[in-house]
Amino acid sequence: SEGTLPRLVSQPIHRDDVVNGKFAAGLSVIALVLACATLLVAGVGILRLGVVPRPDDVLRMVAWYVAAVVYVGFWLALATLFSVVFRRAATAALAAFSVWLGLLIFWRTIVDIVSRVIAPVGAGNQFDELLANASLQLDILRLSPIELFGEMTNVLLDPRSRGVLLTGPPQGSIATVLPLWQSLLISWPQAVALLALTVVCFAAAYIIFMRQEVRA
């Protein structure tokens, strides 16, 4: 935004160090701040409640922290992509904010409309049609990183068994507690999908930046 990129790439450094350093530095700072905030909240919770977490609880918190860093990495990679595609910093920021706002507010409505068109439910509310519609909604919802992270958060921090993952409130579910390895096993597909989205966004930003012509 200050026009210093031509002077930066004219230095004897590899050009990919610019985009790699921007992403790595931003993610490192955010991860450090998130770690401090997590430890602070955990410490206040221990002091106020007087309950010392078990080793299993600590491991769950660590697993959630790793998932949160990956989630932040996706938005940082998307912001890096927009900053490479758009010349103006304000335009890139508005584009990233628009994507986040759209996924947060309108995504479920869009998914509901699309699922009704692709897998409509008749007047008789047949079980097969309801199941197909619900499965399609869940599959499309998981295209959103917000939904993926929400599922991972609930599974890792609230290990009560709920039957089908996050498709409804816990009423009527079996009041059992999943062990840590089962929670990790359930949340593993969401973690892989979120990591894949992050890699795709960063790879696109990397390729576009490497092919761009930087002029003074």
Side-chain angles (χ1 to χ4, degrees), residues 1-6 8-9 13-35 37-38 62-111 113-115 136-156 165-166 184 186-215:
S1 60
E2 296 179 0
T4 58
L5 184 60
L8 179 62
V9 296
I13 59 174
H14 295 287
R15 184 168 179 173
D16 57 347
D17 288 340
V18 177
V19 64
N20 291 337
K22 180 178 181 179
F23 180 80
L27 187 60
S28 299
V29 172
I30 297 175
L32 179 61
V33 173
L34 181 61
T38 302
V62 172
W64 174 84
Y65 171 75
V66 174
V69 171
V70 175
Y71 177 67
V72 170
F74 164 78
W75 290 110
L76 185 60
L78 185 66
T80 303
L81 175 61
F82 285 150
S83 68
V84 171
V85 173
F86 301 107
R87 296 293 183 179
R88 298 177 60 87
T91 305
L94 287 175
F97 179 75
S98 299
V99 172
W100 173 78
L101 193 63
L103 291 176
L104 182 65
I105 298 178
F106 303 110
W107 184 244
R108 286 185 174 270
T109 303
I110 295 173
V111 169
I113 296 174
V114 172
S115 64
L136 181 61
Q137 281 194 32
L138 189 59
D139 291 338
I140 302 178
L141 277 174
R142 286 173 174 169
L143 296 176
S144 168
I146 297 177
E147 295 294 332
L148 293 174
F149 181 66
E151 291 184 2
M152 294 173 63
T153 298
N154 275 346
V155 170
L156 293 174
L165 180 61
L166 300 178
L184 294 175
I186 292 176
S187 61
W188 178 248
Q190 286 82 354
V192 173
L194 191 58
L195 184 61
L197 290 174
T198 304
V199 172
V200 168
C201 290
F202 181 76
Y206 181 90
I207 294 173
I208 295 174
F209 180 77
M210 293 297 291
R211 294 183 176 182
Q212 272 187 351
E213 181 180 0
V214 180
R215 295 182 178 181

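All residue numbers refer to positions in the sequence shown, counting from 1.
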At their closest point, which heavy atom of [X] faces which heavy atom of [Y], and how far apart are they?
X	Y	value
Q137	V111	O-CG1, 3.6 Å
M152	A67	CE-CB, 3.2 Å
F23	L76	O-CD2, 3.4 Å
C201	F74	SG-CE1, 3.7 Å
V69	A31	CG2-CB, 4.1 Å

[atom1]-[atom2] distance between [X] and [Y], expressed to the nearest 0.5 angstrom:
X	Y	atom1	atom2	answer
I113	I140	CD1	CD1	11.5 Å
L194	Y71	CG	OH	8.5 Å
L143	L103	CG	CG	10.0 Å
F202	L78	CZ	CG	13.5 Å
T80	I208	OG1	CD1	11.5 Å
N154	S187	CG	OG	11.0 Å

Check: Is F82 close to V99 at the side-chain level, that is, under 4.5 Å between some pair of heavy atoms?
Finding: yes
Next item on the list: With the side chain counted from C-beta on, respond yes when W75 and I146 share a heavy-atom pair under 4.5 Å apart, and no when they do not.
Entry: yes
Notebook entry, point to check: Going through the checks in order, is the side chain to side chain contact (heavy atoms under 4.5 Å, CB included) test met by L184 and V155?
Noted result: CA-CA 8 Å; L184 294 175; V155 170; over 6 Å; no
Notebook entry, point to check: Which residue pairs pass the side-chain hydrogen bond (donor to acceptor under 3.5 Å, both in side chains) test with at least one member in residues 18-35, sequence neighbours excluded?
Noted result: K22-S83
Check: Is Y65 reaching over with its side chain to a backbone N or O of L34, donor-acceptor style, under 3.5 angstrom?
Finding: no
Item checked: Qualifying residues under side chain to side chain donor-acceptor pair (under 3.5 Å), relative to T153, sequence neighbours excluded -> W64
